[in-house]
Trainee: 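First, the structure itself, so that you have it in front of you.
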Amino acid sequence: MENGDGYLRAKKRVENLKAFYIHIMVYVLVNIMLIAINLLTDPGYWWFLFPLGGWGIGVLIHGISILAQGRFGTEWEERKIKEYMEKEKKNS
């Protein structure tokens, strides 16, 4: 059963990573389009910076959550639980 659980966790991580890559790709393509529209219509005022920065913060948070999932995922939780249980067993 644990192999099945491990597979499901790995599959979920891959799906999340794939979604992040798609997010980055859409971010880049849409912002290229916005930059082009901005520079063609009103090159004196760079309004494209606002969606670029706002959405960029969202992409950054998405990336951090993917990184944190790898560092603080289910395996990490299980290791910490075992660690605390062993400490408690030694103190008793």
Side-chain angles (χ1 to χ4, degrees):
M1 186 70 177
E2 190 168 44
N3 287 341
D5 290 342
Y7 173 79
L8 292 176
R9 284 193 302 265
K11 184 177 179 186
K12 180 69 173 164
R13 287 181 65 188
V14 168
E15 288 172 354
N16 289 340
L17 189 59
K18 180 181 172 184
F20 176 64
Y21 290 152
I22 290 170
H23 191 181
I24 289 175
M25 189 170 52
V26 170
Y27 170 77
V28 169
L29 294 174
V30 168
N31 279 295
I32 287 172
M33 183 185 64
L34 291 176
I35 290 168
I37 290 170
N38 184 184
L39 295 178
L40 291 172
T41 58
D42 187 12
Y45 179 65
W46 290 3
W47 55 260
F48 72 86
L49 292 174
F50 298 108
L52 183 84
W55 194 355
I57 291 169
V59 169
L60 180 66
I61 291 170
H62 191 172
I64 290 170
S65 73
I66 296 296
L67 179 66
Q69 179 187 16
R71 302 281 190 253
F72 301 108
T74 308
E75 295 90 10
W76 176 82
E77 290 176 5
E78 291 172 5
R79 278 195 320 269
K80 282 305 204 184
I81 289 170
K82 288 178 184 176
E83 180 183 319
Y84 289 136
M85 288 174 64
E86 288 174 9
K87 282 183 182 178
E88 229 177 269
K89 194 183 275 186
K90 287 179 183 178
N91 290 337
S92 296

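We use all heavy atoms of the structure for the numbers below, so side chains are in, but hydrogens, waters and symmetry mates are not.
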Trainee: How far does CD1 of I57 sit from CD1 of I61, to the nearest 0.5 angstrom?
Mentor: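 Going from CD1 on I57 over to CD1 on I61, the span is 7.0 Å.
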Trainee: Measure the CD1-CD1 distance between I66 and I64 for me, rounded to the nearest 0.5 Å.
Mentor: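 The distance works out to 11.5 Å.
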Trainee: Using a strict 4.0 Å threshold on nitrogen-to-oxygen distance, state whether K80 and E83 make a salt bridge.
Mentor: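 Salt bridge between K80 and E83, a charged N being under 4.0 Å from a carboxylate O: yes.
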Trainee: Taking all atoms of both residues into account, what is the closest heavy-atom pair of T41 and I37, and its distance?
Mentor: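 Shortest heavy-atom contact: OG1-O, 2.8 Å.
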Trainee: Quick check on the hydrophobic clustering: are F50 and M33 connected, directly or via other members, by side-chain heavy-atom contacts under 4.5 Å?
Mentor: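 In one cluster: yes.
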Trainee: Could you check whether atom CD of E88 has more than 12 heavy atoms from other residues, nucleotides or ligands sitting under 6.0 Å from it?
Mentor: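 Incorrect, the count does not exceed 12.
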Trainee: Which word best sums up how the rings of F20 and H62 line up, parallel for under 30°, tilted for 30 to 60°, or perpendicular for over 60°?
Mentor: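 Perpendicular.
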Trainee: Please check if Y27 and L29 belong to a single hydrophobic cluster, counting links between Ile, Leu, Val, Met, Phe, Trp and Tyr side chain heavy atoms closer than 4.5 Å.
Mentor: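 No; tracing contacts between hydrophobic side chains, which count when under 4.5 Å, never links both residues.
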Trainee: So do Y45 and N38 actually touch side chain to side chain, heavy atoms under 4.5 Å?
Mentor: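 No, every pair of side-chain atoms sits at 4.5 Å or beyond.
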Trainee: Would you kindly confirm whether V30 and L39 end up in one hydrophobic cluster when ILVMFWY residues are joined by side chain heavy atoms under 4.5 Å apart?
Mentor: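 Linked, V30 and L39 end up in one cluster.
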Trainee: Let me check something: do I22 and V28 share a hydrophobic cluster, defined by ILVMFWY side-chain heavy atoms less than 4.5 Å apart, either directly or through other members?
Mentor: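 Yes, I22 connects to V28 through the hydrophobic network.
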Trainee: Contact between W47 and L34 at the side-chain level, heavy atoms closer than 4.5 Å - yes or no?
Mentor: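 SC-SC contact between W47 and L34 confirmed.
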Trainee: How long is the span from the CG atom in L60 to the CH2 atom in W55, to the nearest 0.5 Å?
Mentor: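 It is 15.0 Å, given to the nearest 0.5 Å.
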Trainee: For a side-chain contact (heavy atoms from CB on, under 4.5 Å) with N16, tell me which candidate from R13, K18, K12 qualifies.
Mentor: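 When side-chain contact (heavy atoms from CB on, under 4.5 Å) is applied between N16 and each of R13, K18, K12, only K12 qualifies.
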Trainee: With clusters defined by side-chain heavy atoms of hydrophobic residues (ILVMFWY) lying less than 4.5 Å apart, directly or transitively, does V59 cluster with L67?
Mentor: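 L67 and V59: separate clusters.
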Trainee: Is there a side-chain contact between I35 and W46 in this structure, where contact means two heavy atoms from C-beta onward sitting under 4.5 Å apart?
Mentor: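 Contact flag for I35/W46 side chains = no.
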